[in-house]
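The structure appears below as structure tokens.
None of the values given here were measured: they were computed from a predicted structure. Every chain is numbered from 1 and lettered A, B, ... according to where its sequence line falls, protein lines coming before strand lines.
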2 protein chains.
Amino acid sequence: MSLTIGELSRQTQVKIPTIRYYEQIGLLAEPIRTEGQQRRYRPEDVRRLNFIRHARELGFEVEAIRQLLGLAGDPDRSCGEVHDITKAHLDEVKDKIARLTALRNELETMVTCDHRRISECRIIEVLADHGQCQHLEH
Amino acid sequence: MSLTIGELSRQTQVKIPTIRYYEQIGLLAEPIRTEGQQRRYRPEDVRRLNFIRHARELGFEVEAIRQLLGLAGDPDRSCGEVHDITKAHLDEVKDKIARLTALRNELETMVTCDHRRISECRIIEVLADHGQCQHLEH
DNA sequence: TCTTGAACCTCTAGCCACTAGAGGATGTAG
DNA sequence: CTACATCCTCTAGTGGCTAGAGGTTCAAGA
């Protein structure tokens, strides 16, 4: 029993153009086609696409997913490499959080500005002055 | 008295192609040119570009910066709109942090996997799992 | 069997905010 | 006057899709 691309899309919650895109970049194998060139998928493709979707939701890049898929197909191998890829990704996420938190703190200080005129606005001041210490003292 | 694009770049830490890009999208005004068509900048341009750079460092999008620059040039206006733009951006940053934190938690659980075979690897299991993971959408 | 129309096809271009490189012109110091 | 650092424009690429044009195929109903 084969699936059309629309059925695959519904079952995996992955949009049709995205499925075709994954095929194009080689994440999904080229499926068989009908005589009229329409794609027909097998149940395995649902599983593979769900794997991809879940990895994307976890923020893995396509290159990492390509590696994970390669490793996942090799049941007797140690999962050390899988661990390493995940750990590297986790470190990046932590790093992003740290940078965004610093950003949030700076922005939170800025928004305490209580609606004065532009010429005395703390936000504008910070943006104009940072690292330069030019003017606008009070 | 006037600066070449290279000098402007050095003073602001903004790369030359980026400066030309900002001109192209209208964030920076077109500067005067020498007879040989080379750009020459005034000290005001240093200030404006520093404003842009700092806003970018704080994660403001180009469209937001365009608005901020417009407002910044109007000293008698109330800074309510500036406040709103900043607040909206802050909310987005908070949102991103929340999503990344959920991601981090999930990844941290996953990396506790202690190097078994792929066939029993917790990470692969999680990724292959059909269960939808709605709390991790972005 | 024929017709309708939903779903499919390919191809190109667009999104954001740059970045890289080719290939050539300009500006300035010695 | 030469050398060469710096500048110029133009095109294309990045990641991970998304949108649209313009045409074709499939399956259900008449």
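For T34(B), counting side-chain heavy atoms from C-beta on, the closest listed nucleotide (dA17(C), dT19(C), dG27(C)) is dG27(C).
Note on T4(B): every side-chain N or O is 4.0 Å or more away from OP1 and OP2 of dG27(C). A sub-4.0 Å separation between OP1 or OP2 of dC18(C) and a side-chain N or O of Y22(B) is present.
Taking every nucleotide of DNA chain D with any atom under 4.0 Å from a non-hydrogen atom of chain B, the first and last of them, 5' to 3', are dC7(D) to dT9(D).
Taking every heavy atom of both residues into account, P31(A) and E23(A) meet most closely at CD-OE1, 3.4 Å.
Look at CZ on R39(A): it is 7 Å from C1' on dC9(C), rounded to the nearest Å. Taking atom OH of Y21(B) as the reference point, atom P of dA20(C) lies 15 Å away to the nearest angstrom. To the nearest angstrom, C1' of dT26(C) lies 11 Å from CD of Q37(B). Atom C1' of nucleotide dC18(C) and atom CD of E57(B) are separated by 15 Å, given to the nearest angstrom. Following rounding to the nearest Å, R33(B) (CZ) and dG27(C) (P) show an atom-to-atom distance of 12 Å. Rounded to whole angstrom, the span from the CD1 atom of I5(A) across to the C1' atom of dC9(C) amounts to 10 Å. Between the CD1 atom of I25(B) and the P atom of dT19(C) there is a distance of 12 Å, rounded to whole Å. Distance, L49(B) CG to dC18(C) P: 11 Å, rounded to whole Å.
Distance check: I124(B) CD1 to H83(A) NE2 gives 12.5 Å after rounding to the nearest 0.5 Å. Distance check: R40(A) CZ to I32(A) CD1 gives 8.5 Å after rounding to the nearest 0.5 Å.
For A64(A), the side chain to side chain contact (heavy atoms under 4.5 Å, CB included) partners two or more places apart in sequence, or in a different chain, are F60(A), I85(A).
Heavy-atom distances to DNA chain D give each of G6(B) and E61(A) a nearest nucleotide, and the one nearer the 5′ end belongs to G6(B). Of the two residues near DNA chain C, V62(B) and R40(B), the one whose nearest nucleotide lies more 5' is V62(B). Each of P17(A) and Q38(A) was matched to the nucleotide of DNA chain D holding its nearest heavy atom; the match closer to the 5' end belongs to P17(A).
With contacts defined as side-chain heavy-atom distances shorter than 4.5 Å, the pair K94(A)/R104(B) qualifies. Between T112(A) and E108(A), every side-chain heavy-atom pair lies at or beyond the 4.5 Å cut-off.
Using a 4.0 Å heavy-atom cutoff across all strands shown, F60(B) reaches no nucleic acid atom at all.
In summary, the side chains of R53(B) and N50(B) do present a donor paired with an acceptor at a separation below 3.5 Å, with no hydrogens or angles considered.
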